[in-house]
A.B. asks: 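Sharing a structure below in structure tokens format, with a few things to ask.
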Amino acid sequence: MESSSYAPKIAERAWDPSIEQHLSDEWTKEGLYRLDLNKKGRIFSIDTPPPYPSGRPWHIGAAAHYSQIDMIARTARMRGYNTYFPIGIDRNGLPVEIYTEKKYGVSIRSTPRDRFTDLCRTALDELESEMLQIMKLMGLSSDFERYYRTDSDEYRALTQATFIKMWNEGIIYEAKRPNNYCSACGTTIADAEVIYEDLPTQLVHVAFKVEETGQTLTIATTRPELLCSCQAVIVHPDDERYKALHHLHTTTPIFNGRVEIIPNLSAKMEYGSGAVMICSYGDYTDVLLFRELKLKETVAIDENGRMTSVAGSYAGLKVKAARETIIKDLTERGLVEKVETISHRTPMCERSRTQIEIIPMTEYYLKQLNTVPKIQRSAKTMIFHPESHRQILLNWVNSISIDWPISRRRFYGTEVPIWLCDKCGSPYLPPPDRYYKPWKENPPIQACPKCGGNSFTGDKRTLDTWMDSSISPLFISKYQRDDAFFKRIYPTTLRPQAKDIVRTWLYYTLLRCQMLTGKAPFRHAWIMGHGVDEKGERMSKSKGNVIDPLPVLKKHGADAFRFWAASEASLGSDFRCSEERIDAARRFITKLWNLSRFISSFPQPKKAVLAPSDKWLLAELSKLVKKSLEGYRDFNFFIPSNLIREFVWNTFAAHYVEMAKGRAYGTGFTKSQQQAAWYTLHTGLKTILLLLSPITPFSTDFVWRQIYGGRSISFARFPRPAWNTRFSVKTEKILEFNSTVWNTKKSKGQSLKEPIHIEIPEELKDFAQDLKAMHNIQQ
RNA sequence: GGGGGAGUGGUCUAGUGGCUAUGACGGCGCCCUUACACGGCGCAGAUCGCGGGUUCGACUCCCGUCUCCCCCA
């Protein structure tokens with residue numbers, strides 16, 4: 001029989017990623033992306049994170065993240081779920097404001113609010129379109145025709161409606177409290193938005209005088225500029241050095257304030273001199289002590305990060321300059337005993353990376369402490385992928401001790417829906433039925449319900465963007481907009497997200513949805529690690545090591561990119577981004593492509609009388625399917641991707657195909673034996689294509705249609721591990737024997753088709769016919 | 001200071017009590033064998049962070065220790 005009679009159905013010698021776009025369009029036509037509630041099957045709904053377009057390029061790690069979220073959706077479909085995979089774009093908040101200021105060279109404080117928010121919107125539209133393009137290129141099987149924006153009237157109206165509901169229930173209140181304040185951003189921020197960095201800081205040992213005894217009391221501080229607001233000095237009650245000084249007084253240098261020396265357990269004996277000055281406010285301990293000791297608060301730093309009038313001659317200086325100046329002044333007066341440089345855990349604004357200050361501000365707060373026990377409970381009952389990441393949430397939940405400040409002094413966000421009556425000052429909240437902009441609109445009433453006054457001032461503040469993001473499960477399930485839909489979708493099945501926003505997005509969503517609906521918003525939390533550069537360092541624009549995903553996707557194709565994303569690191573671990581390794585993934589796509597091309601040249605028989613080699617391959621295949629499905633059930637794509645690559649390359653192609661090739665071509669075998677080889681090759685290929693399709697949907701779908709025809713492979717179900725695994729006991733022996741033959745020929749400098757005289761081991765006698773043909777064994 | 005995680009060939013990684021530790025990338029050598037040179041075969045390369053203990057047996061369990069990462073104070 002001539003080999004030309006077996007023409008492959010696939011002509012090209014390698015997968016061409018330019019076909020991917022065409023397939024994407026096919027999927028849209030076939031309705032893969034759409035949720036049809038009339039369809040049978042349990043619903044699997046994904047609370048997809050709406051990505052934030054804060055600037056270009058988009059992070060390659062984020063692209064890897066979204067490609068894996070898509071694998072979750074495709075896995076759910078292939079497990080038979082009716083899958084709801086919405087997609088939105090998060091467009092509220094600070095990063096776009098900063099991006100806009102830079103891009104258009106304007107300042108938020110000196111640009112009219114309307115004009116500034118328009119510029120933000122324009123910037124977002126641009127960034128968003130690139131982001132959508134990338135997501136489509138990656139093969140994200142979301143319904144893009146219905147994508148949502150968190151800055152749409154509909155979304156913001158829902159955020160405001162939930163605010164109004166919580167206000168009316170007394171969960172939201174206004175108060176003046178010391179808060180984390182970022183002077184660069186000009187706004188209060190929540191604890192969750194504070195990060196800590198260990199920075200070298202000068203610890204200054206300052207000589208105080210004890211009023212009653214005249215002796216010197218040394219106080220070590222990293223914040224000498226706050227001397228002006230010092231209201232007490234504390235020492236540890238057990239500290240022998242200071243027992244005689246309890247409740248005496250000391251004079252603060254330069255400012256000559258008179259403060260008490262108070263024994264308190266917060267003082268650490270081993271830190272500095274063991275005596276600590278308490279100022280408003282150096283850190284969170286100061287806040288607690290001011291409350292505990294009922295001290296008089298002095299505001300030493302203003303909203304612009306400058307010293308206030310209480311700082312005397314230092315007024316107007318920026319904090320850092322004031323610190324340097326006061327150290328100089330203290331030194332000149334001989335009051336500095338020593339200055340040591342220490343590493344200090346410094347609170348920074350997560351967004352702008354500036355040091356935050358604690359400043360008393362009037363803000364709206366959401367009462368969260370009562371609900372924390374409920375969140376602790378759901379943190380324990382929710383299913384985490386990976387399980388180990390449950391701890392990140394628990395750590396955070398267990399550390400919450402104050403309410404959540406939710407108002408921000410910014411422009412591009414959802415407006416606080418409150419007007420104040422100019423006459424009586426009482427707040428007015430409108431009915432929760434539309435999107436309100438109090439800073440530019442009149443309230444929907446003529447007269448104040450309290451006093452009848454007819455003029456109002458709208459609140460100018462916006463809400464913390466997490467107030468918007470934390471209701472994403474409610475938005476996508478059409479909460480308060482479509483009851484029937486809401487009942488089918490909520491609570492959602494799974495929340496996928498990155499590790500670094502557990503304490504914000506994950507926590508706040510649990511909190512808000514629990515408060516609003518009395519239920520946890522999802523059953524599974526899927527937590528991914530983040531992408532770092534080739535050397536394992538965090539990618540950042542300032543380091544210049546950010547990799548743009550767009551050219552990588554165009555060059556290597558989505559399937560290679562996705563396979564890389566799946567196989568690079570186990571779920572939840574951080575992963576390194578290296579183009580070299582993405583290219584290695586592409587070579588696997590090519591390998592599978594060519595294997596498919598080979599198999600595509602043979603007909604596909606309906607049944608066959610299997611040879612031992614065939615049974616062996618199917619036994620190994622069964623094991624592969626079983627283990628891969630276990631990985632898919634945990635949505636850990638690292639497991640199936642690596643197992644499948646291993647199987648395809650090192651078992652199927654290297655051993656089985658070579659063993660069965662002679663039979664498949666038919667030379668020296670019966671028709672029935674040949675059919676068995678064909679049958680097994682196709683069974684193996686189909687199984688692999690199905691098993692791999694959530695990870696590499698494009699090339700598997702193309703091959704599937706080319707060889708087996710019909711609709712997209714994405715509408716099919718996963719294969720079952722249906723074959724007897726008895727023959728697996730032979731695996732090791734087969735691999736070893738083949739290797740021996742290859743080595744023998746090699747050591748003689750022979751070509752692989754040379755005849756060889758070698759004894760086939762007893763255990764492999766069943767496989768003798770295939771092995772003889774494979775190695776050209778003469779006996 | 002407390003908590004969590006991790007340390008396996010040059011790099012990344014599998015393996016959680018059992019024979020000579022998995023695979024990938026890179027390196028080197030040989031080979032165009034009718035799916036694939038984007039390939040095949042092979043070679044080199046790890047005393048599994050360090051020290052102790054439990055055990056017939058430890059990369060795997062326990063204790064200590066060092067280093068790195070994350071979270072909290």
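In what follows, every chain begins at residue 1, and chains take the letters A, B, ... in the order their sequences are listed. None of the values given here were measured: they were computed from a predicted structure.
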A.B. asks: Are the aromatic rings of A/W742 and A/H655 close, with centres under 6.0 Å apart?
C.D. replies: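 When the ring centroids of A/W742 and A/H655 are compared, they turn out to be within the sub-6.0 Å range.
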A.B. asks: May I ask you to verify if any side-chain N or O of A/K591 is less than 4.0 angstrom from the OP1 or OP2 atom of B/G40?
C.D. replies: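 Looking at the OP1 and OP2 atoms of B/G40, one of them is under 4.0 Å from a side-chain N or O of A/K591.
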A.B. asks: Touch check for A/A584, heavy atoms < 4.0 angstrom, all strands: base, sugar-phosphate only, or nothing?
C.D. replies: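 A/A584: backbone/sugar contact only, no base atoms under 4.0 Å.
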A.B. asks: side-chain contact (heavy atoms from CB on, under 4.5 Å) for A/Y507 and A/I392? Distances and angles first, verdict last.
C.D. replies: CA-CA 10 Å; A/Y507 168 70; A/I392 305 176; over 6 Å; no
A.B. asks: Is there a Watson-Crick or G-U wobble partner for B/A14 with both distances under 3.5 Å, and which nucleotide is it?
C.D. replies: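 Per the H-bond distance test, none.
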A.B. asks: Distance check, P atoms only: B/C31 and B/G45, in whole angstrom units.
C.D. replies: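 It comes out at 23 Å once rounded to the nearest Å.
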A.B. asks: Would the distance check show the side chain of A/D770 and the main-chain N or O of A/A660 forming a donor-acceptor pair, the cut-off being under 3.5 Å?
C.D. replies: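 No, the answer is negative, given that no donor and acceptor are paired below the 3.5 Å cut-off.
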A.B. asks: Say we look at B/G5 and B/G23: how far apart would their P atoms be, to the nearest angstrom?
C.D. replies: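 The same atom, P, in both gives a distance of 29 Å.
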A.B. asks: May I ask you to list the residues of residues 648-664 of chain A, by number, that have any heavy atom positioned under 4.0 Å from an atom of RNA chain B?
C.D. replies: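 A/W649, A/N650, A/A653, A/A654, A/V657, A/E658, A/K661, in order of number.
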A.B. asks: Would you please test A/I644 and A/S628 for side-chain contact (heavy atoms from CB on, under 4.5 Å) and show each step?
C.D. replies: CA-CA 8 Å; A/I644 295 165; A/S628 299; 4.0 Å; yes
A.B. asks: Distance check, P atoms only: B/U33 and B/U47, in whole angstrom units.
C.D. replies: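 Between the two P atoms, the distance is 40 Å.
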A.B. asks: Could you check whether the side chain of A/R645 and the base of B/A24 have a donor-acceptor pair of N or O atoms closer than 3.5 Å, going by distance alone?
C.D. replies: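 In this structure, the two groups form no donor-acceptor pair.
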A.B. asks: Partners of A/F635 by ring pair (Phe, Tyr, Trp, His ring centres under 6.0 Å), sequence neighbours excluded?
C.D. replies: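 With sequence neighbours excluded, A/F635 shows a ring pair (Phe, Tyr, Trp, His ring centres under 6.0 Å) to A/F44, A/H385, given in chain and number order.
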A.B. asks: Could you work out the separation of B/G17 and B/C61 based on their C1' atoms and round it to a whole Å?
C.D. replies: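 Result for the C1' pair: 8 Å, nearest Å.
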A.B. asks: In whole Å, what is the span from the NZ atom of A/K772 to the P atom of B/U33?
C.D. replies: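 It works out to 25 Å between those atoms.
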A.B. asks: OP1, OP2 of B/A37 versus side-chain N and O of A/R13: anything below 4.0 Å?
C.D. replies: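 Checking A/R13 against B/A37: at least one side-chain N or O falls below 4.0 Å of OP1 or OP2.
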A.B. asks: Grab the CD1-P distance between A/I392 and B/C70 for me, whole Å please.
C.D. replies: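 So the CD1-P distance, A/I392 to B/C70, works out to 12 Å.
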A.B. asks: I need the single residue from A/K9, A/H682, A/Q604 that forms a side-chain hydrogen bond (donor to acceptor under 3.5 Å, both in side chains) with A/Y708. Which is it?
C.D. replies: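 The single option meeting the side-chain hydrogen bond (donor to acceptor under 3.5 Å, both in side chains) with A/Y708 is A/H682.
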A.B. asks: Taking everything shown except A/E732 itself, do over 12 heavy atoms lie less than 6.0 Å from its CD?
C.D. replies: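 Atom CD in A/E732 is not packed in, count stays at 12 or less.
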A.B. asks: Please measure how far the P atom in B/G51 lies from the corresponding atom in B/G42, and state the result in whole Å.
C.D. replies: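 Roughly 35 Å separates the two P atoms.
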A.B. asks: Let me know, please, whether A/F598 or A/S401 comes out on the 5' side of the other along RNA chain B by nearest nucleotide.
C.D. replies: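 In this pair, the answer is A/F598.
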A.B. asks: Tell me whether A/K730 forms a cation-pi arrangement with A/F767, defined as NZ or CZ under 6.0 Å from the six-membered ring centre and within 45 degrees of its axis.
C.D. replies: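 The answer is no, since A/K730 fails at least one limit relative to A/F767.
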A.B. asks: If the threshold is 4.0 Å, N to carboxylate O, is there a salt bridge linking A/K661 and A/E658?
C.D. replies: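 Yes, A/K661 and A/E658 are salt-bridged.
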A.B. asks: Measure the distance from CD1 on A/I195 to P on B/C72 and round it to the nearest whole Å.
C.D. replies: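 Spelled out: CD1 on A/I195 to P on B/C72 is 10 Å.
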A.B. asks: Tell me the partner of B/G39, counting only Watson-Crick (N1-N3 plus N6-O4 or O6-N4) or G-U wobble (N1-O2 and O6-N3) with both under 3.5 Å; none if nothing fits.
C.D. replies: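 Across any shown strand, B/G39 pairs with B/C31.
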A.B. asks: So, does A/K499 use its side chain to make a donor-acceptor pair with the main chain of A/I527 at under 3.5 Å?
C.D. replies: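 Side chain of A/K499 to backbone of A/I527, a donor-acceptor pair under 3.5 Å: no, none is there.
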A.B. asks: In terms of side-chain geometry, is the basic nitrogen of A/R597 or A/E12 positioned less than 4.0 Å from the acidic oxygen of its partner?
C.D. replies: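 Not counted as a salt bridge, because no side-chain N and carboxylate O are separated by less than 4.0 Å.
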A.B. asks: Between A/Y284 and A/S401, does the side-chain contact (heavy atoms from CB on, under 4.5 Å) criterion hold? Intermediate values first, please.
C.D. replies: CA-CA 11 Å; A/Y284 191 62; A/S401 58; 3.7 Å; yes
A.B. asks: For B/C59, give the paired nucleotide (Watson-Crick: N1-N3 plus N6-O4 or O6-N4; G-U: N1-O2 and O6-N3; both under 3.5 Å), or none.
C.D. replies: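 Partner of B/C59: none.
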A.B. asks: Whole angstroms only, please: what is the CZ-P distance between A/F563 and B/G23?
C.D. replies: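 Going from CZ in A/F563 over to P in B/G23 covers 16 Å.
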A.B. asks: Given B/C25, B/C72, B/U22, identify the nucleotide with an atom nearest to the side chain of A/E646.
C.D. replies: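 The answer is B/U22, which lies nearest to the side chain.
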A.B. asks: With side-chain contact (heavy atoms from CB on, under 4.5 Å) as the criterion, how do A/D701 and A/S693 come out once you've worked through the C-alpha distance, each side chain's angles and the decisive distance to 0.1 Å?
C.D. replies: CA-CA 7 Å; A/D701 198 23; A/S693 72; over 6 Å; no
A.B. asks: Polar atoms only, N or O, under 3.5 Å: list the protein pairs with nucleotides 42-45 of chain B and their distances.
C.D. replies:
unit_1	atom_1	unit_2	atom_2	d
B/G42	OP1	A/S739	OG	2.5

A.B. asks: Give me the ring orientation class for A/F561 and A/W564: parallel if the planes are under 30° apart, tilted from 30 to 60°, perpendicular past 60°.
C.D. replies: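 A/F561 vs A/W564 ring planes: tilted.
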A.B. asks: Report, one pair per line, the protein and nucleotides 12-17 of chain B atoms (nitrogen or oxygen only) whose separation is under 3.5 Å.
C.D. replies:
unit_1	atom_1	unit_2	atom_2	d
B/C12	OP1	A/R576	NH2	3.3

A.B. asks: Taking atom P of B/A24 as reference, at what distance in whole Å does atom CD1 of A/I589 sit?
C.D. replies: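 So the two atoms are 16 Å apart, to the nearest Å.
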A.B. asks: What distance, rounded to whole Å, do you find between the two C1' atoms, one in B/C50 and one in B/U67?
C.D. replies: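 Roughly 10 Å separates the two C1' atoms.
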A.B. asks: Could you tell me the separation between the NZ atom of A/K555 and the P atom of B/C38, rounded to a whole number of Å?
C.D. replies: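 Distance, rounded to whole Å: 15 Å.
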A.B. asks: Check the distance between B/A24's C1' and A/W564's CH2 and give it to me in whole angstrom.
C.D. replies: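 It works out to 15 Å between those atoms.
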A.B. asks: If pairing requires Watson-Crick or G-U wobble contacts with both distances under 3.5 Å, which nucleotide is the partner of B/U67?
C.D. replies: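 Across any shown strand, B/U67 pairs with B/A6.
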A.B. asks: Could you check which nucleotide pairs with B/G1 in any of the strands shown, counting Watson-Crick or G-U wobble with both distances under 3.5 Å?
C.D. replies: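 Its partner is B/C72 (Watson-Crick or G-U wobble, both distances under 3.5 Å).
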A.B. asks: If only side-chain N and O atoms of A/R345 are considered, is one of them under 4.0 Å from the OP1 or OP2 phosphate oxygen of B/G2?
C.D. replies: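 It does not, given that no N or O in the side chain of A/R345 lies less than 4.0 Å from OP1 or OP2 of B/G2.
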A.B. asks: Looking for any heavy atom pair under 4.0 Å, which part of the strands does A/L595 touch: base, sugar-phosphate only, or nothing?
C.D. replies: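 Base, at least one base heavy atom under 4.0 Å.
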A.B. asks: Between B/A24 and B/C38, how many Å separate the two C1' atoms, rounded to a whole number?
C.D. replies: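 After rounding to an integer number of Å, I get 16 Å for this pair.
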A.B. asks: Does A/K623 pair with A/E620 as a salt bridge, N-O distance under 4.0 Å?
C.D. replies: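 Yes.
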A.B. asks: Please name the pair of heavy atoms, one in A/D464 and one in A/A190, separated by the smallest distance, quoted to 0.1 Å.
C.D. replies: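 Nearest heavy atoms, A/D464 then A/A190: OD2-CB, 4.4 Å.
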A.B. asks: Taking side-chain contact (heavy atoms from CB on, under 4.5 Å) as the test, write out the residues that go with A/S641, two or more places apart.
C.D. replies: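 A/S641 satisfies side-chain contact (heavy atoms from CB on, under 4.5 Å) with A/F563, A/A566, A/S567, A/I695 only.
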A.B. asks: Taking atom C1' in both B/U8 and B/A14, compute the distance separating them and give it to the nearest angstrom.
C.D. replies: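 Those two atoms are separated by 10 Å.
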A.B. asks: For B/C38, does the base pair up with any side-chain atom of A/T590 as donor and acceptor (N or O, under 3.5 Å, distance only)?
C.D. replies: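 When only heavy-atom distances are counted, A/T590 does reach the base of B/C38 through a donor-acceptor pair under 3.5 Å.
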A.B. asks: A/E732 CD to B/C19 C1': how many Å, rounded?
C.D. replies: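 My rounded result for the distance is 10 Å.
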A.B. asks: Whom does B/A44 pair with, Watson-Crick or G-U wobble, provided both distances fall under 3.5 Å?
C.D. replies: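 B/A44 is paired with nothing.
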A.B. asks: Produce the list of close N/O pairs, under 3.5 Å, pairing protein atoms with atoms of nucleotides 3-7 of chain B; give distances to one decimal.
C.D. replies:
none

